[in-house]
Amino acid sequence: MELRHLRYFIVVAEEKNFSYAAQRLHIAQPPLSQQISALEDEIGVKLFDRKKRPLQLTSAGEVFLEEARLVLTQLERAIVQTQRASRGEIGQLVVGTNSSIANSLLPDMLRTFRDRFPHVKLVLRELTASEQIQELHNRRLDIGFDRLPHSHQQDTNLNYLPIGRESLVIALPKTHPLTAHAEIPLEAMANEPFVLPSPEIVPSYTEIINLCQQAGFFPKVVQEATWTITVLSLVAGGVGVALLPSNVQNLQRTGVVYRPIKGANFTREIVVVWRQGDSSPVLQEFLNVIRELTPSDL
């Protein structure tokens, strides 16, 4: 049985006349009658009562008509959905991120992509840089955002695209005397207790240590924390001060004041990373949005 047999049968059932059905199908009437007879022989039942005028469906033919229409409708849906998937209009994308990116670059990218592809399911996973790399290799992640360790950027199985740069700011308890200054030189923090992200979790830890050493001191680390929100809570509680990416200023944490660093600072590059050779249409459309929203000077 071929799909054309179902189409022939449906048209004959709708026209209730072999001649009219043949005209509609642009074929001769004898071959059409032969095709319907062959269909009846194949399934072993009569679909039409040919003695009646106009032509009538048998009770079995009525059931077959309903089912045949369902088959063609499902086929048409399958074709449409397959075409949409090939254009990246449907599907799923698993995105790795951290709180830093979520507070800065990611919202605009997600909003733009959702507006264009509302039927794509976006799954966000908050992961450290190293976890993102591992999950990309394990194919449990499609794309990641982070300031990734330089060691990973030699991985030929991954692609990297710079999408932004950001500097550091000083986070202080609101009662700290230095909040009276619009800018604070880093050397003024030499005797302050520091709250830093854990070196096993955040690769910028080493960069922060190096920056402080360039200012002439080694930071007195009194507490480490994994996530930005935890660091801010410790700063608000007066445990210490912190050096954090400038996007943290989007988090209005009660009890915390942010000040830019006066003088020497450094910018860190934010990248998006995905598997080499991943041809997923959904991924490619997401990358198109990222490229569109990335400043041209990067």
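Please read all numbers here as calculations on a predicted model, not as lab measurements. Just so it is clear, the values below take in all heavy atoms, side chains as well, and ignore hydrogens, waters and symmetry mates.
- The shortest distance between side-chain heavy atoms of Glu192 and His176 falls below 4.5 Å.
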Give the C-alpha distance, both sets of side-chain angles, the deciding distance and a yes or no for side chain to side chain contact (heavy atoms under 4.5 Å, CB included) between Ile209 and Leu196. CA-CA 10 Å; Ile209 298 296; Leu196 289 184; 3.9 Å; yes
Any chance you could lay out the side chain to side chain contact (heavy atoms under 4.5 Å, CB included) test for Arg275 and Asp142, step after step, and finish with the verdict? CA-CA 7 Å; Arg275 280 184 302 277; Asp142 297 311; 3.6 Å; yes
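- Val63 and Val71 fall into different hydrophobic clusters, where Ile, Leu, Val, Met, Phe, Trp and Tyr are joined by side-chain heavy atoms under 4.5 Å apart, directly or via other members.
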Kindly indicate, with the supporting measurements, whether the criterion side chain to side chain donor-acceptor pair (under 3.5 Å) is fulfilled by Asn159 and Gln276. CA-CA 6 Å; Asn159 289 321; Gln276 182 79 259; 3.1 Å; yes
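- Of all non-hydrogen atoms in Leu6 and Ala68, the two that sit nearest each other are CD2-CB, 4.2 Å.
- For Arg259 (side chain) and Leu172 (main-chain N/O), no donor-acceptor pair under 3.5 Å exists by modelled atom type.
- Judged purely by atom type and a 3.5 angstrom limit, Thr73 has no side-chain atom pairing as donor or acceptor with the backbone of Leu70.
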Would Val94 and Glu135 count as a side chain to side chain contact (heavy atoms under 4.5 Å, CB included) if you check the C-alpha gap in whole Å, the side-chain angles of each, and the deciding distance to 0.1 Å? CA-CA 10 Å; Val94 184; Glu135 292 296 81; over 6 Å; no
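- Linking Ile, Leu, Val, Met, Phe, Trp and Tyr whenever their side-chain heavy atoms come within less than 4.5 Å puts Phe117 and Leu106 in one cluster.
- No donor-acceptor distance shorter than 3.5 angstrom exists from the side chain of Arg125 to the backbone of Gly144, with no hydrogens or angles considered.
- Shown here for Pro185 and Glu183, the closest heavy-atom pair between the two residues is CD-O, 4.1 Å.
- The environment of Asn191 atom CG is sparse: at most 12 non-hydrogen atoms of other residues, nucleotides or ligands sit within 6.0 angstrom.
- With values rounded to the nearest 0.5 angstrom, Glu40 atom CD is found 4.5 Å from Leu47 atom CG.
- Within the 4.5 Å cutoff, the side chain of Pro173 has heavy atoms near those of the Val241 side chain.
- Residue Phe18 qualifies as enclosed at atom CZ: its count of foreign heavy atoms under 6.0 Å is above 12.
- Taken from CH2 in Trp274 to CG in Leu287, the straight-line distance is 5.0 Å, to the nearest 0.5 Å.
- Looking only at side-chain heavy atoms (C-beta outward), Lys220 and Pro193 stay at 4.5 Å or farther from each other.
- Atoms CZ and CG, from Arg7 and Leu25 in turn, are 10.5 Å apart once rounded to the nearest 0.5 Å.
- Distance alone, capped at 3.5 Å, is enough to place a donor-acceptor pair between the Gln284 side chain and the Asp278 backbone.
- Atoms CD and CZ, from Gln35 and Arg4 in turn, are 4.5 Å apart once rounded to the nearest 0.5 Å.
- Under a hydrophobic clustering in which Ile, Leu, Val, Met, Phe, Trp and Tyr are joined whenever their side-chain heavy atoms come within less than 4.5 Å, directly or via other members, Leu32 and Tyr20 fall into different clusters.
- Without hydrogens or angle criteria, Gln56 side chain to Arg53 main chain gives no donor-acceptor distance under 3.5 Å.
- Taking the six-membered ring for Trp and thresholds of 30 and 60 degrees, Phe217 and Phe194 have ring planes inclined between 30 and 60 degrees apart.
- Grouping the Ile, Leu, Val, Met, Phe, Trp and Tyr side chains by contacts below 4.5 angstrom, directly or via other members, places Phe113 with Ile290.
- A salt bridge links Arg24 to Glu14: one of the charged nitrogens lies within less than 4.0 Å of a carboxylate oxygen.
- When all heavy atoms of Glu187 and Ala215 are compared, the closest pair comes out as CB-O, 3.8 Å.
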Take Glu89 and His119 through the side chain to side chain donor-acceptor pair (under 3.5 Å) test and state the conclusion after the steps. CA-CA 7 Å; Glu89 296 175 3; His119 300 293; over 6 Å; no
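- Formation of a donor-acceptor pair under 3.5 Å by the His137 side chain with backbone atoms of Gln134 is not found in this model.
- Here the side chains of Asp115 and Thr112 are not in contact, with every heavy-atom distance at 4.5 Å or above.
- Paired with Leu168 under the rule side chain to side chain contact (heavy atoms under 4.5 Å, CB included), one option of Ile208, Leu244, Val248 passes, and it is Ile208.
- The only member of Leu57, Thr58, Val45, Ile43 that meets side chain to side chain contact (heavy atoms under 4.5 Å, CB included) when paired with Phe64 is Ile43.
- Looking at Phe286 and Leu110, their side chains come closer than 4.5 Å, going by heavy atoms from C-beta outward.
- Counting heavy atoms from C-beta outward, Pro245 and Ile270 have side chains that stay 4.5 Å or more apart.
- Taking 4.5 Å as the limit, some side-chain heavy atom of Gln81 sits within range of a side-chain heavy atom of Arg84.
- Between Leu141 atom CG and Leu136 atom CG the span is 4.5 Å, to the nearest 0.5 Å.
- Closest non-hydrogen pair, Val235 versus Ala242, comes out as CG2-CB, 3.9 Å.
- Taking each heavy atom of Pro295 and Ile163 in turn, the nearest pair found is CD-O, 3.8 Å.
- One distance of note links CD1 of Ile10 with CG of Leu72; it measures 4.5 Å at 0.5 Å rounding.
- Cluster membership check: Val222 shares its hydrophobic cluster with Leu234, using side-chain heavy-atom separations under 4.5 Å among Ile, Leu, Val, Met, Phe, Trp and Tyr.
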Side chain to side chain contact (heavy atoms under 4.5 Å, CB included) between Leu55 and Arg50, worked out: CA-CA 6 Å; Leu55 191 67; Arg50 291 168 172 78; 4.0 Å; yes
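- In this structure the side chain of Leu243 reaches within 4.5 angstrom of the side chain of Ile170, judged on heavy atoms.
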